[in-house]
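Each chain gets a letter, A, B and so on, in the order its sequence line appears, and its residues count up from 1. Just so we're clear, the structure is a prediction, and the values are computed from it rather than from any experiment.
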There are 2 protein chains.
Amino acid sequence: MHTDPLSAQFAALADPTRRAILARLSEGETSVNDLAAPFAMSLPAISRHLKVLESAGLVSRSRTAQWRPAKLEPLAMKGVADWIDQYRHFWESSFDRLDAYLKSIQSGSDDGSRH
Amino acid sequence: MHTDPLSAQFAALADPTRRAILARLSEGETSVNDLAAPFAMSLPAISRHLKVLESAGLVSRSRTAQWRPAKLEPLAMKGVADWIDQYRHFWESSFDRLDAYLKSIQSGSDDGSRH
DNA sequence: AGCATATTTAACATCCATGTTAAATACAAG
DNA sequence: CTTGTATTTAACATGGATGTTAAATATGCT
């Protein structure tokens, strides 16, 4: 099971329906019914997708009467972005610079067989 | 089933073992045996994790004699980063500005500024 | 050829994810 | 308090993900 937040967040993002929900929520808080409308999928299915997003911290819920609108929680997404930024220089450097970087690390100290 | 690249990439990243493998590969190309060493996991399991990373495009393989070293493929990770960057302004803005942004989108042309 | 090393595939077990439909719950209003 | 609307939970089916061990494959060496 996924106990670490990053795994939960990546897993939550690994589904097109959930990513579409997030895109929709980036335009504002929305009820489950409205969120479900564009999808050829039952309401309980959307409800469960929201639960996954909520467990990952990517979304929060509130209550107004019988509605439980979902709202984007961008800080969780920032956690994901921060992890990926570790690798940013790998694609932002020119290939020559990347190559040089890799070589400088490899020839630094050890044979690379352990942590 | 995950047919779209983004889903495959996120799914591949949703596992701590695979993220650890990527971290290791960020220090340079490495054989399967060396990659497996730090983990309390059988060699076939690591081999399958590599296959997942490779299918997602995050890693490529080559051959030297009986070794099939894995190498980081940062461009796939860039695809993921680009998707997330859609949401960057949600956490990089101040809360006031974020609030204003959300309101401006929801109410169309209303200026949405308050406080 | 025959053996050693590195890696993958096969066969299997188990658990998790995702979807469905039907019933249950939460709240508002008549 | 009964009804209507919104949402969740229950019960179930199914497929996919992840791990294991044993066998197969690929390559190099002597």
Given atom CD of A/Glu29 and atom C1' of D/dT7, what is their separation to the nearest angstrom? 16 Å
The nucleotide from D/dT7, C/dT20, C/dT8 with an atom nearest the side chain of A/Ser42 is C/dT20
Starting at atom CZ of A/Arg61, determine the distance to atom C1' of C/dA26, rounded to an integer number of angstrom. 13 Å
I need the CG-P distance between B/Asp15 and C/dC15, as an integer number of Å. 17 Å
So which one's nearest nucleotide on DNA chain C is more toward 5', A/His49 or A/Thr64? A/His49
Nucleotide C/dT7, atom P - distance to CD1 of B/Ile46 in whole Å: 12 Å
Would you classify B/Arg48 as touching base, sugar-phosphate or nothing, given that sugar-phosphate means primed atoms plus P, OP1 and OP2, and contacts are heavy atoms under 4.0 Å? base
Please report the interatomic distance CG(A/Asp15) to CG(B/Leu6), rounded to the nearest 0.5 Å. 11.0 Å
What integer distance in Å separates B/Lys51:NZ from C/dA6:P? 21 Å
CZ of A/Arg18 versus C1' of C/dT18: gap in Å, rounded? 9 Å
Checking contacts here: which listed nucleotide (C/dA6, D/dG4, D/dT7) is nearest the side-chain heavy atoms of B/Gln66? C/dA6
For the pair A/Phe10 and B/Phe10, name the ring-plane relationship: parallel under 30°, tilted 30 to 60°, perpendicular over 60°. tilted
Quick one: does any side-chain atom of A/Arg61 pair with a main-chain N or O of A/Lys51 as donor and acceptor, under 3.5 Å? no
Taking the minimum atom-to-atom distance to the side chain of A/Arg68, which one of D/dT7, D/dG28, C/dT9 wins? D/dT7
Give the rounded distance in Å between these two atoms: CZ of A/Arg19 and P of C/dT18. 12 Å
Out of C/dT8, D/dT5, D/dT8, which nucleotide sits closest to the side chain of B/Leu43? C/dT8
Side chain of B/Asn33 only, please: which of C/dA6, D/dT9, D/dT7 is the nearest? C/dA6
In whole angstrom, what separates A/Leu50's CG from D/dT7's P? 9 Å
C/dA26 phosphate, OP1 or OP2: any side-chain N/O from A/Arg63 under 4.0 angstrom? no
Hey, what do you get for NZ (B/Lys78) to CG (B/Asp82), rounding to the nearest 0.5 Å? 3.5 Å
Any side-chain donor-acceptor pair under 3.5 Å between A/Gln86 and B/Ser26? no
Which nucleotide in the list D/dT7, C/dT8, C/dT18 gets nearest to the side chain of A/Ser31? D/dT7
Listed nucleotide nearest any side-chain atom of B/Met41, set D/dT9, D/dT20, C/dT9: D/dT20
To the side chain of A/Pro44, which of D/dT9, C/dC27, C/dT7 is closest? D/dT9
